[in-house]
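Working notes for the structure below.
In listed order, ligands and their atoms are each counted from 1. What you see below is based on every heavy atom in this structure, not just the backbone, and it leaves out hydrogens, waters and symmetry mates. Quick caveat, the model's predicted, so the values are computed rather than measured.
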Amino acid sequence: MVQQTLNTPEELLRFQLRTAMTMEHDSLAALGELAKAAKSPEIKKLFRHHATETEEQVANLQQAFKLLGYKESTAPSPSTKGISKQAASLLERSAPKLRDQVAVSSALGNEHYEISAYEALILPARAHGLTDVVALLQANLDQETHTSEELRTTLEKLLG
Ligand SMILES: [Fe+2]
């Protein structure tokens, strides 16, 4: 397959949006796996709650595609695949009593990646005056930031 060259800021933004769509699908799968791996009902609940939010985030991305007049599609997101792979490998080698800590730490890593992905989308979208698209992306970013704070608090409690 011939690799597409991204020549303009618009093409770059579109490609990043497509990658973000894959990122959210990967997050949904990862949250399901982490909810299975976690032992604490409270932590399972946190993962499930964020999975519901992630479905809203996918809907926001679909809306962003629509507003920009782009056909909705995905592009490879090797980073999120890598984060999930690392989580699975660490869970596999960790004793059951460590599983909650590993699951929360892995989710935290994923959230931080998502935060950086949204920041990298929001700044150029804002620079291009795409106010409605920025609002949708900002809503996703706010959820990721909130979740990362919850995960950090949960991790602290686990270690306390
Ligand atoms: Fe997300």
Checking E53 against H50 for the side chain to side chain donor-acceptor pair (under 3.5 Å) test, could you report, in this order, the C-alpha distance in whole Å, the side-chain angles of both residues, the deciding distance, and whether it holds?
CA-CA 5 Å; E53 286 184 332; H50 191 53; 2.8 Å; yes

Pairing donors with acceptors under 3.5 angstrom, does anything connect the side chains of Q143 and E56?
yes

Go through E144 and N140 one step at a time and tell me if the side chain to side chain donor-acceptor pair (under 3.5 Å) criterion holds.
CA-CA 6 Å; E144 311 295 17; N140 287 9; 5.9 Å; no

Regarding [X], does it place an N, O or S atom less than 2.8 Å from the Fe ion (ligand 1)?
X	answer
E53	no
Q57	yes
E111	no

Are side-chain heavy atoms of F65 and K71 found at a separation under 4.5 Å?
no

Name, closest N/O/S atom of [X] to the Fe ion (ligand 1):
X	answer
E24	OE1
E114	OE2
E144	OE2

Nearest heavy-atom pair of S73 and R18: which atoms, and what distance?
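Scanning both residues completely, I find the closest heavy atoms to be OG-NE, 2.9 Å.
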
